[in-house]
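Notes for the one structure printed next.
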Amino acid sequence: MSDLPPLGTPRLFSNPRADHERAYGPSERAILSRAAFDEAMAEIGAWPGYAPTPLRSLPGLARAAGIDRIWYKDEGSRFNLNSFKALGGAYAVLRLLAREVQARVPGVPVTALDLVVGRYGKITRTLTVTTATDGNHGRSVAWGAQVFGCNCVIYVPAKCSEGRQAAIESYDARVVRVDGTYDDAVRQAASDAAANGWYVVSDTSYTGYMDTPRDVMQGYTVMVEEAISQLPTSERPTHVFIQGGVGALPAAVCGHLWESWGRQRPRLVVVEPHSADCLYRSAVAGRPAKAEGDLDTVMAGLACGEVSLLAWAILERGADDFLTIPDEAAVATMRLLADGKHGGRPIVAGESGVAGIAALLCAAADPEVRLGLGLAPDARVLVFGTEGATDPEVYQSIVGRSPDAVVNG
Ligand SMILES: Cc1ncc(COP(=O)(O)O)c(C=O)c1O
């Protein structure tokens, strides 16, 4: 562990409701299922530019952490949007538009290609999708709206970076900056949508709003299936460290691994910033609970104060542990990956994207947490690097070099 920089102290809560013996049953399958995954995979896999993102082995960092393997699923190149979120929001926009067109032109199946070529443009151009975002989900929804041909209004919290706002606007979406947190932006989007007859395409679910967030989560499972097929068959991971904001991502990872591998699934550790810990608090309370304070963290994509109810329905029994980390862990890990200290080539990873691997390194360095998580020398850990430099200026201010300079040496 000696060649790792100081990473700060993690906080662990092992989930007393976790049930590793429980079969993936009808209540879970009503949220995420192999059948709905097959549909998402067939659809997203046919989009121009689709390619599985790389799964990188990081032997140097595994050695430094005193474990056998680390696999890092690198989402930095996903559909030029630089994050896994490209799989969820855009897919949900497509599903929503197809449903709305079908409701107006009954009996005719509506394909993605129909929407891309504008066959139903007279209908879709009258429709507006909207969502709240810390950056990445809104970018995916705006991209989907542009590709599939509808209008788009995106709500961002006061602290959203200018760079992330500009990236959303580059897909012709209108951006509204809310004077408050991500959760305030969620409420503003919902109330403006109700007043204007817009369609909410949110990644978080709440009472009375479940269908679209389910599509978003199902889109994410494409990434999980790719990782399954890229892992060596004889070396299943013993642990997965996966970061959460509202929890849709960890629930998608948890649900898909649970349905695919049953009891043989790895121990699933949900990771959040210390200061935006709604999933951790929900696990402690045994029901959905809110984070407190201003949710201030460098891990902007994880700055959420309220859990998605659908996500919680899976994580409540499916997640084994909840771990929170300080910002310094994310910052130090971004620099480590940029330096190529893991023994391979440098990796460009954004603030929220590194949270899972940062948590692993933090946990490995803390004897009590290490023991609590069963991180033995033969542990094999899968992490998801969920974003690249989604805001290049923020990236440079943290790492000290631009993403291009990191890649090109
Ligand atoms: C890069 C990145 N990773 C992880 C997450 C967490 O996803 P979720 O909010 O679905 O839990 C987000 C959310 O925006 C994100 O942008």
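Read the numbers this way: they start at 1 and go in the same order the structure lists the ligands and their atoms. All of these numbers come straight from a predicted model, not from anything done at the bench.
- Ligand 1 lies out of reach of Asp134, whose nearest heavy atom is not under 4.0 Å from it.
- Aromatic ring pairs are classed by plane angle as parallel below 30°, tilted from 30° to 60° and perpendicular above 60°; the pair Trp47 and Trp143 is perpendicular.
- On a distance-only criterion, Asn136 and ligand 1 share at least one N/O pair closer than 3.5 Å.
- Distances from ligand 1 to the non-hydrogen atoms of Phe84 include at least one value under 4.0 Å.
- Taking the six-membered ring for Trp and thresholds of 30 and 60 degrees, Tyr24 and Trp258 have ring planes more than 60 degrees apart, a perpendicular arrangement.
- Both the backbone and the side chain of Ala248 come within 4.0 Å of ligand 1, judged by heavy-atom distances.
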Task: Test log, rule side-chain hydrogen bond (donor to acceptor under 3.5 Å, both in side chains), inputs Asp277 and Thr324 - done: CA-CA 7 Å; Asp277 57 352; Thr324 69; 5.8 Å; no

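- Protein heavy atom closest to atom 3 (N) of ligand 1, with residue, atom name and distance, is Thr386 OG1, 2.8 Å.
- Of the candidates Ser140, Gly301, Ala251, Gly245, it is Gly245 that places a heavy atom closest to atom 11 (O) of ligand 1.
- For atom 5 (C) of ligand 1, the closest heavy atom belonging to the protein is Leu302 CD2, 3.5 Å.
- Of the heavy atoms in Thr204, none comes closer than 4.0 Å to ligand 1.
- Ligand 1 places these atoms under 4.0 Å from at least one heavy atom of Ser352: 1 (C), 2 (C).
- At a 4.0 Å heavy-atom cut-off, ligand 1 touches Leu249 through backbone and side chain alike.
- At least one heavy atom of Lys85 sits less than 4.0 Å from an atom of ligand 1.
- By the 4.0 Å heavy-atom criterion, Pro250 is counted among the residues contacting ligand 1.
- The shortest N or O to N or O distance between Gly247 and ligand 1 is under 3.5 Å.
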